[in-house]
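Written out below as structure tokens is the structure these notes cover.
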Amino acid sequence: MTASGDGSVAVNTAGGGVVGVIQTGNDAVAVSLPVEALGPVAEVDAPPGLGNLPDFRGRFVGREHELDRLDAVLDEGGGQVVVSAVHGLGGIGKSTLVAYWAATRPHEHAPVWWITADTTLAVEQGLARLATALQPGWGRVLAVEELAERGLQWLATHTGWLLILDNVDNLTTVAPVLARVGAGGRVVLTSRRASGWWTGTTVVRLDVLDPAESLQLLTGLLTAGGPRDEDGAAELCAELGHLPLAIEQAGAYLAQNPFLTLRGYLDLLADHPARMFGQTNVDIDAQSEQTIARIWRVTLDHIAATEPAAVELLRVMAWYGSHTIPLDLCRVPELTPPALGHALGVLAAYSMITPDPVTGTVSIHRLVQAVARTPDPDDPHRDPTATARAHTRAVEALHAVLPDYQDPGTWPAWRVLLPHVDALTSHPTTTSSDDVSTAILTASIGNRTGLFLSGQGLHTDAMSYLHQALTDRERVLGVDHPDTLSSRNNLAGAYGSAGRVGEAIPMYEQTLTDRERVLGVDHPDTLTSRNNLAGAYGSAGRVGEAIPMYEQTLTDRERVLGVDHPNTLTSRNNLANAYESAGRVGEAIPLLERTLTDCERVLGVDHPDTLTSRNNLANAYESAGRVGEAIPMYEQTLTDCERVLGVDHPDTLTSRNNLAGAYRSAGRVGEAIPLLKRTLTDRERLLGVDHPDTLSSRNNLASAYESAGRVGEAIPMYEQTLTDCERLLGVDHPNTVVVRNNLAVARSASR
């Protein structure tokens, strides 16, 4: 069992209870749990009154028709999960409606659980919080992913619950949850989406407030601190388009300025009309953006008078994702750490941001961000120079906090930053003032993000980032710049990792030629290109071309970089693998043994390259018939990969596949088949059904079925794999030949 972060957990059930010991560095913390905490999730009862609804009741008005619709939809569900989507413009009050309905309308659902669902990570965290609320002790013992799985299992095995998935932007974010929660509860989603819902989804559209309702909302906010002059309230509601968010922002501003009248607020709006945006998001109504822009302008006028740096901070944050923005990204030179806290407090006081002290992050409504990012020469808070400067600062801040993508300890931080990388790189800049340095940093962000995603097996997303980085670097730096050449190398690597080796090879060949010409034949980057091209040749079955290239690269790296350099160790490992592929296992094993020893000494026993070396040596032992030595080495490597890299990392899947193969070689096919089935399922999910590693997994599982006498199951699996290999790799590829031979043997055995 593994704890969150880099800790480890030991569990002792002696004495009628469970004691978990969390070990982090030199510190150990004992966690006592009741013994029933080890029982099946299906036997866990929800504590009475469990729920986490946000309290919107003080700001709720009207909406009787929509409330009745929700009642009717949920009552009609019978014994099935009911998915009811409440959608409308951002700021229209979707979340308020659902929270009010769940808290006040008569229904028998328990527990009621609210999850922000704008990202996959947020959904996972929400499910993890549910699991922790059901069994609090596990929050100290299990990782977020494990807690989320327990939360899903609990929903799938219980009845009567109500799950609210709030702010769903992408249906794929919540589809896995809906597929697994079972038929025992009800689901309500809120989203800005107006179309594209699944068949059977009941959609409740939310429009602006009725005039009487918006007046009630405004006057309630205005008089919360005592009586106020209400003259002009109806006119102000009309001016704001009866949009709840705009009215709430106006009410917050007026509450903070007791000497400003409603008529005075109307005069400010009249004196500073916002222009219609030239471009709007498809989910955002332009008129509503105009209304929000007016409120943003008036509010920011007041903030700027007392805390001008807070306005700059808001402009910077507008370029990131709207939720869970880490404070490390909330940096502008004008703000010292104490001043940053004050500026965030001012922005929160005027409803411009929502801080979360628990996570140390802030959130901004998407409409506020859209306004802040859009230049307006008539608005001093959004003039083109200010918005371009904020964009540059956002790029600089994000680039500065990107961690080392090769260090597994940084991967949780990467996952937090990914939504903000995506937002920053996808928002178009509407000015031409982005300077070269900003463009260079943006390309660097995309390049490093692509490398991280590729290492995680997310090849499609990786290729998108790396392709854009290459395009930007060619445009800004030129085709011969070293960074441009690195981008081309990295994109070729992503193609190769995705199984598109036919596209990778010409790109590697061109990069090697250019690096030899621009950097010289002994430059470390040139040696990397030669190593990578040799690897692509090997993947394409051209091992005869790969081996001399690997040999030359190893010789050059030992001379240029030294025998202990990590790149030299990689070269020795790769050459040994090529020898083994060519049937020269007697030459491969001494190289791999030396490489493993050196990796453990130079990099450490838990370094990903060390784990790869141990896996490769075990594979060579197996090829040499020394399966008794290979199996314990594979078992240790799999355990370490799961602990260091995670159960879904591509290298972990490779370790599991290889261990299963060794079990089969040792005649332990009953142990091999479950491992191979799990690996195939995971590779199909993570890498895709057409990835070369997925095809290998399918072939390996078919072979195990054949060894177990289940030839009838093996033959159709071989047939499908052969068809796919011929289509994707070619009829003469070594892997295709292996599958074709396996199919022929299986058919012969079935006669």
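Residues: numbered from 1 along the sequence shown.
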Check for a donor-acceptor pair, side chain of [X] on one end and backbone N or O of [Y] on the other, with a separation under 3.5 Å.
X      : Y      : answer
Arg393 : Val316 : no
Glu312 : Val332 : no
Thr392 : Ala388 : yes

What residues form a side chain to side chain contact (heavy atoms under 4.5 Å, CB included) with [X], not counting sequence neighbours?
X      : value
Thr513 : none
Asn573 : Asn577, Leu592, Thr595, Ser613, Asn616
Ser464 : none
Pro380 : Arg297

Who are the side-chain hydrogen bond (donor to acceptor under 3.5 Å, both in side chains) partners of [X], not counting sequence neighbours?
X      : answer
Arg415 : Gln456
Ser486 : Arg515
Thr119 : none
Thr637 : none

For [X], salt bridge (Lys or Arg N to Asp or Glu O under 4.0 Å) partners two or more places apart:
X      : result
Asp598 : Arg572, Arg594, Arg601
Glu503 : Arg500
Glu145 : none

Would Asp564 and Thr568 count as a side-chain contact (heavy atoms from CB on, under 4.5 Å) if you check the C-alpha gap in whole Å, the side-chain angles of each, and the deciding distance to 0.1 Å?
CA-CA 7 Å; Asp564 281 344; Thr568 305; over 6 Å; no
Do Arg331 and Glu396 sit within salt-bridge range, that is, some charged N less than 4.0 Å from a carboxylate O?
no
Interatomic spacing from [atom1] in [X] to [atom2] in [Y] - rounded to 0.5 Å:
X      : Y      : atom1 : atom2 : result
Tyr405 : Ser454 : OH    : OG    : 9.5 Å
Arg740 : His733 : CZ    : NE2   : 12.0 Å
Ile325 : Ile364 : CD1   : CD1   : 4.0 Å

Just list the side-chain donor-acceptor pairs under 3.5 Å for residues 474-482, sequence neighbours left out, or say none.
from: Asp480; atom 1: OD1; to: Arg517; atom 2: NH2; distance (Å): 3.0
from: Asp480; atom 1: OD2; to: Arg517; atom 2: NH1; distance (Å): 3.1
from: His481; atom 1: ND1; to: Asp483; atom 2: N; distance (Å): 2.9

At their closest point, which heavy atom of Ile547 faces which heavy atom of Ala582, and how far apart are they?
CD1-CB, 3.8 Å
Between Ala469 and Gly446 the two heavy atoms that sit nearest each other are CB-C, 4.2 Å
